[in-house]
Structures are given as structure tokens and as C-alpha cells.
Amino acid sequence: MSRPLAVLRPEPGNAATARAIEALGLTAIRVPLFRIVPLAWAGPPAGDHDALILTSANAVRQAGAALQAYATLPAHAVGAATAAAARAAGLRVVATGDADGRTLLDRAGRAGVRRALLLTGRDRAVATHPVLTAIRAVYVSEAVEEVDPALLRGTVALVHSQRAARRLATLVADRGAIAIAAIAPAVADALGDGWRAVAIAGRPDDAATIAAAAALADACD
């Protein structure tokens, strides 16, 4: 019998991942480690920039009505989910990355971007880059305090970020009872050692992370 898959990401991504797992006939346990909260923010004039950089679908969802001021800018998005959220919000996506935010920015620079605006979370992996002239935090990911680590025992936990990896590592005492499917190598590195098993997704996206978790669920028992 396959292990259940524990989904740790915040809503609304948690529910989306859980539904995708259940569509495969597997059991999903929803244990969000964080909640997403919008921040008040003041954006610079769109004319000051030649591109909009989006490293998370949460930035699109939480930016609010002010996002429309940048609808004329070409948008560069990390991953298909962020690109889909941007298009749904009326933005013009010209590039979709398949790695991390810094790689996306490097590619934007090679494409000629010189004055980009980054909309992101308060806790972010990228703080500076030569193509960025402004960064605005439009949301914060707050820790959910009432997490019961006992719910994770005997599961394969899907870990979508380095921050989630670090929090999971502090919450769990018996790491050998939990297997891990990490979205990227850097996320796996942030977890530390001692887990039942660790698999890394073939691509840094939700579907590949689910696939890695499903394979691990059968292999562990």
C-alpha cells in the first residue's frame, strides 16, 4: 500500500496539489506550513521599467488592483503556474522559466531587459540582480503555528520551497519516518539529513514534484 502524500504548501496551492494527487487515486494529507497574506505596497511608474518579473503565482494573486498598472509591460514568469496566473490577470507573458528566479533574471538580461520590476514575497531568494531597478514585496508567507508534526509520520512530504524545507526540519524530530519529494536540489539541500528517503523532481514544478512523491510512496514500503 502506498504512503499518503503530505502537501505542505500554503493555500490556494495546497488544495490544487491535493486535488491533483487525489486525481491519481492517491491519498493527500493537507498540512500547510504557511499562510499567504497580502502586503500594502506602492508601485513605481510603469514607464520606469522595461519588464515585469514574477517569481511566484502568489505575487500575481496578492498584488491586487495595482497590478493592472503594469499590464503593458512584458512579463517574465517562473514556471507554468505563475505564467498561467499572470495571463489570467491580464498580463502579457513573453517568457516562462523552468528553473529558479535568478535563472529567469539571467535569461531576461540576455534577452535585453535592463530596467525590470520584480514583484515578489517579503521572504525571497533573490535580493539583487543587474537587470532589476525596483523590487516590491506584495505578500508575506506567515508560519502556521498549530502544525502537528505527528500528521506527517509515515508520509511522503512534498516540499516546494527552501523556507518550507527549513521549517519542516525544525518541526520533525523523527526524520526517519518521513520521505521527501523536493521540488529542486536547493530545496533538498535545505532539509538536512536523516529522512527516510529523498527524491528530487525532474523539473521544478508541481506536477513533477507530485510524480516524484508518487514514485517514492511505492518505493518506501
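Values below: all heavy atoms of this structure, side chains included; hydrogens, waters and symmetry mates excluded. On a predicted model such as this, the values are computed, not experimentally measured, just so you know.
No chain of hydrophobic side-chain contacts below 4.5 Å, direct or via other Ile, Leu, Val, Met, Phe, Trp or Tyr residues, connects Val37 to Leu119. No continuous path of hydrophobic side-chain contacts links Ile210 to Val198 [ILVMFWY only; heavy atoms under 4.5 Å]. By the criterion of side-chain heavy atoms lying less than 4.5 angstrom apart, applied directly or through intervening Ile, Leu, Val, Met, Phe, Trp or Tyr residues, Leu118 is not grouped with Val93; the two fall into different hydrophobic clusters. No continuous path of ILVMFWY side-chain contacts below 4.5 Å connects Leu151 to Ile21, so the two sit in separate hydrophobic clusters. Grouping the Ile, Leu, Val, Met, Phe, Trp and Tyr side chains by contacts below 4.5 angstrom, directly or via other members, places Leu8 apart from Leu5.
If you take CD1 on Ile29 and CG on Leu158, they are separated by 11.5 Å, rounding to the nearest 0.5 Å. To the nearest 0.5 angstrom, Leu216 atom CG is 13.0 Å from Trp195 atom CH2. Between the CG atom of Asp218 and the CG atom of Leu26 there is a distance of 7.5 Å, given to the nearest 0.5 Å. The line from CG of Leu73 to CZ of Arg115 is 9.0 Å long, rounded to the nearest 0.5 Å. To the nearest 0.5 angstrom, Thr82 atom OG1 is 7.5 Å from Leu54 atom CG. Leu117 contributes atom CG, which lies 7.0 Å from atom CZ of Arg136 (distance to the nearest 0.5 angstrom).
Among residues at least two apart or in separate chains, side chain to side chain donor-acceptor pair (under 3.5 Å) pairs with a member in residues 199-211 are Thr17-Asp206, His160-Asp206, Arg203-Asp205. Screening residues 168-179 for side chain to side chain donor-acceptor pair (under 3.5 Å) gives Arg153-Asp174 as the qualifying pairs, with residues at least two apart or on separate chains.
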Thr155 and Arg3: CA distance, side-chain angles, deciding distance, side chain to side chain contact (heavy atoms under 4.5 Å, CB included) verdict: CA-CA 5 Å; Thr155 70; Arg3 288 184 170 218; 5.7 Å; no
Test side chain to side chain contact (heavy atoms under 4.5 Å, CB included) applied to His129 and Asp106, step by step: CA-CA 8 Å; His129 192 279; Asp106 291 343; 2.7 Å; yes
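Considering every non-hydrogen atom in both Ala212 and Ala201, the closest pair reads CB-CA, 4.1 Å. Nearest heavy atom pair, residue Leu104 against residue His76, reads CD2-O, 3.6 Å. In plain terms, the two heavy atoms of Pro10 and Pro32 that are nearest each other are CA-CB, 4.3 Å. Annotation for Ala182 and Val187: closest pair CB-CG1, 4.0 Å, computed over non-hydrogen atoms. Pairing each heavy atom of Leu168 with each of Ala157, the nearest pair is CD2-CB, 4.4 Å. Listed here is the closest heavy atom pair of Ile183 and Ser161: CG2-N, 4.5 Å.
Checked by atom type and distance alone, the side chain of Arg163 pairs as donor or acceptor with a backbone atom of Ser141 at under 3.5 Å. Using modelled atom types, no side-chain atom of Gln62 and backbone atom of Thr120 make a donor-acceptor pair closer than 3.5 Å.
Looking at heavy atoms from C-beta onward, Arg92 lies in side-chain contact with Pro74 at the 4.5 angstrom threshold. The shortest side-chain heavy-atom distance between Ile36 and Glu11 does not fall under the 4.5 Å cut-off. Taking the side chain as every heavy atom from C-beta outward, Leu171 and Leu33 approach each other to under 4.5 Å. Side-chain contact between Arg9 and Asn14 is present, with at least one heavy-atom pair separated by less than 4.5 Å.
Qualifying side-chain contact (heavy atoms from CB on, under 4.5 Å) partners for Ile200, counting only residues two or more places apart in sequence or in other chains: Pro185, Ala188.
Residue Val78 forms a side chain to side chain contact (heavy atoms under 4.5 Å, CB included) with just one option from Thr55, Ile53, Leu105, and that option is Thr55. Each of Leu132, Val113, Thr133 was scored for a side chain to side chain contact (heavy atoms under 4.5 Å, CB included) with His49, with one residue passing: Thr133.
Residue Asp148 qualifies as enclosed at atom CG: its count of foreign heavy atoms under 6.0 Å is above 12.
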